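Here the structure is a predicted model, which means the values were calculated and not measured. What's counted below: heavy atoms across the whole structure, side chains too, no hydrogens, waters or symmetry copies.
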Amino acid sequence: MPIVQEPRPQLLTVLTCGPMVLSLLGVTAGPAAARPPSPVAAPPAAAHRPPPWRRLTDVMWLRHSWTRSTPLRHHLAVRALRAHDVRWRSSGGCSDRDRVDCTSFEGIRWGTIATVTRLRQASGCPLTVSGGTERGHAPGPLSHRRGYKIDILPDRCTDRYITRVFRHVGERGDGAALYRSPDGVVFARESGHWDITVP
């Protein structure tokens with residue numbers, strides 16, 4: 001009787017399971033062996049920016065514990081403005097709170113900064129802040145120094161939005177036209193800027 005050798009288990013598995021097992025063993029059969037591996041595309045870089053609320057949450061990691069009257073440090077206020085694409089400038093190119101030619105946000109209230117960022121979102125206008133808590137503004141209980149006021153530069157977009165959306169409530173003693181938002185924010189149109197008071 002002829003002796004029949006049984007095939008090895010590994011070879012039998014290869015013969016019965018076909019290409020799937022060959023690929024698991026790292027063996028490529030047939031014409032596919034000559035084909036170069038297909039290139040793997042690199043993942044595209046993120047082309048979008050996170051929404052403003054998310055950017056602001058990332059910047060203001062303690063925001064949940066803040067109130068409208070919470071005073072901010074200058075650098076935190078700047079980061080919040082930048083998160084909403086609000087620019088700021090000073091005639092002296094500085095941020096010293098004790099110099100009149102600087103623009104400082106040291107001690108400004110969270111409610112004041114939040115009002116400007118909401119105005120930027122709602123209007124779509126390119127806002128530029130020109131005055132904060134630095135010296136040189138009029139004193140008073142709702143003053144710049146105490147963090148209740150902020151100045152923004154006028155332009156056609158901002159002027160049109162404020163005068164059309166908010167209610168005209170008369171004039172200030174110096175002749176500046178006054179507009180009031182539903183939540184009590186007052187916009188005074190001075191000669192070179194909008195003076196915003198956030199109670």
Side-chain angles (χ1 to χ4, degrees), residues 47-60 63-64 66-72 74 76-91 95 100-134 136-199:
H48 68 283
R49 301 179 66 186
W53 69 265
R54 180 66 201 177
R55 299 203 305 270
L56 191 59
T57 301
D58 291 342
V59 170
M60 301 301 181
R63 185 172 65 92
H64 65 280
W66 292 2
T67 67
R68 192 179 181 91
S69 59
T70 300
L72 303 182
H74 175 83
L76 287 178
V78 168
R79 289 173 66 183
L81 294 174
R82 285 177 177 166
H84 286 271
D85 300 319
V86 178
R87 295 167 291 181
W88 69 281
R89 75 175 194 185
S90 71
S91 57
S95 60
V100 297
D101 60 339
C102 295
T103 297
S104 175
F105 303 116
E106 189 69 29
I108 199 165
R109 297 164 67 249
W110 167 240
T112 306
I113 291 294
T115 294
V116 174
T117 60
R118 286 197 302 268
L119 179 65
R120 170 72 177 96
Q121 284 183 285
S123 67
C125 299
L127 303 185
T128 301
V129 177
S130 61
T133 58
E134 66 280 349
H137 299 284
L142 300 179
S143 63
H144 279 271
R145 193 71 172 177
R146 293 171 60 91
Y148 288 87
K149 284 177 173 277
I150 193 168
D151 295 338
I152 62 172
L153 296 179
D155 57 57
R156 289 170 58 182
C157 178
T158 305
D159 294 350
R160 183 170 58 250
Y161 182 85
I162 292 174
T163 57
R164 290 184 179 181
V165 172
F166 303 131
R167 183 167 60 95
H168 182 251
V169 291
E171 293 184 353
R172 206 165 59 182
D174 58 359
L178 299 176
Y179 298 84
R180 187 187 301 273
S181 72
D183 57 350
V185 177
V186 176
F187 300 82
R189 181 60 164 90
E190 298 186 8
S191 58
H193 59 269
W194 283 98
D195 179 76
I196 305 173
T197 305
V198 184

To the nearest 0.5 Å, how far apart are [atom1] in [X] and [atom2] in [Y]?
{"X": "Thr158", "Y": "Arg120", "atom1": "OG1", "atom2": "CZ", "answer": "9.0 Å"}
{"X": "Arg156", "Y": "Cys125", "atom1": "CZ", "atom2": "SG", "answer": "11.5 Å"}
{"X": "Asp195", "Y": "Ser130", "atom1": "CG", "atom2": "OG", "answer": "9.5 Å"}
{"X": "Arg146", "Y": "Ile108", "atom1": "CZ", "atom2": "CD1", "answer": "13.5 Å"}
{"X": "Ile150", "Y": "Arg109", "atom1": "CD1", "atom2": "CZ", "answer": "11.5 Å"}

Mind checking whether [X] and [Y] have side chains closer than 4.5 Å, heavy atoms only?
{"X": "Arg145", "Y": "Pro139", "value": "no"}
{"X": "Tyr161", "Y": "Leu119", "value": "yes"}
{"X": "Pro154", "Y": "Arg189", "value": "yes"}
{"X": "Ile196", "Y": "Phe187", "value": "yes"}
{"X": "Arg118", "Y": "Asp183", "value": "yes"}
{"X": "Asp151", "Y": "His144", "value": "yes"}
{"X": "His193", "Y": "Glu190", "value": "yes"}
{"X": "Arg89", "Y": "Leu153", "value": "yes"}

**Request:** Indicate the ring-plane relationship of Trp194 and Tyr179, choosing parallel, tilted or perpendicular according to the 30° and 60° boundaries.
**Result:** perpendicular
**Request:** Assign the ring pair Phe105 / His74 to parallel, tilted or perpendicular, where the plane angle (0 to 90°) is split at 30° and 60°.
**Result:**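 The rings of Phe105 and His74 lie parallel, inter-plane angle below 30°.
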For [Y], does its backbone N or O pair with a side-chain atom of [X] as donor and acceptor, under 3.5 Å?
{"X": "Ser104", "Y": "Glu134", "value": "no"}
{"X": "Arg87", "Y": "Thr128", "value": "no"}
{"X": "Thr103", "Y": "Gly132", "value": "no"}

Between [X] and [Y], which heavy-atom pair has the shortest distance, and what is it?
{"X": "Gly107", "Y": "Thr133", "result": "C-CG2, 4.3 Å"}
{"X": "Ala77", "Y": "Ile113", "result": "CB-CD1, 3.9 Å"}
{"X": "His168", "Y": "Ala177", "result": "NE2-CB, 4.1 Å"}
{"X": "Leu178", "Y": "Ala188", "result": "CD2-CB, 3.5 Å"}
{"X": "Cys157", "Y": "Asp155", "result": "N-OD1, 3.0 Å"}

**Asked** Side chains of Thr70 and Thr67: is there a donor and an acceptor less than 3.5 Å apart?
**Response**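 Result is yes, a qualifying pair exists.
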**Item:** Lys NZ or Arg CZ of Arg68 over Trp110 ring: under 6.0 Å, within 45°
**Value:**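 That pair does not qualify as a cation-pi contact.
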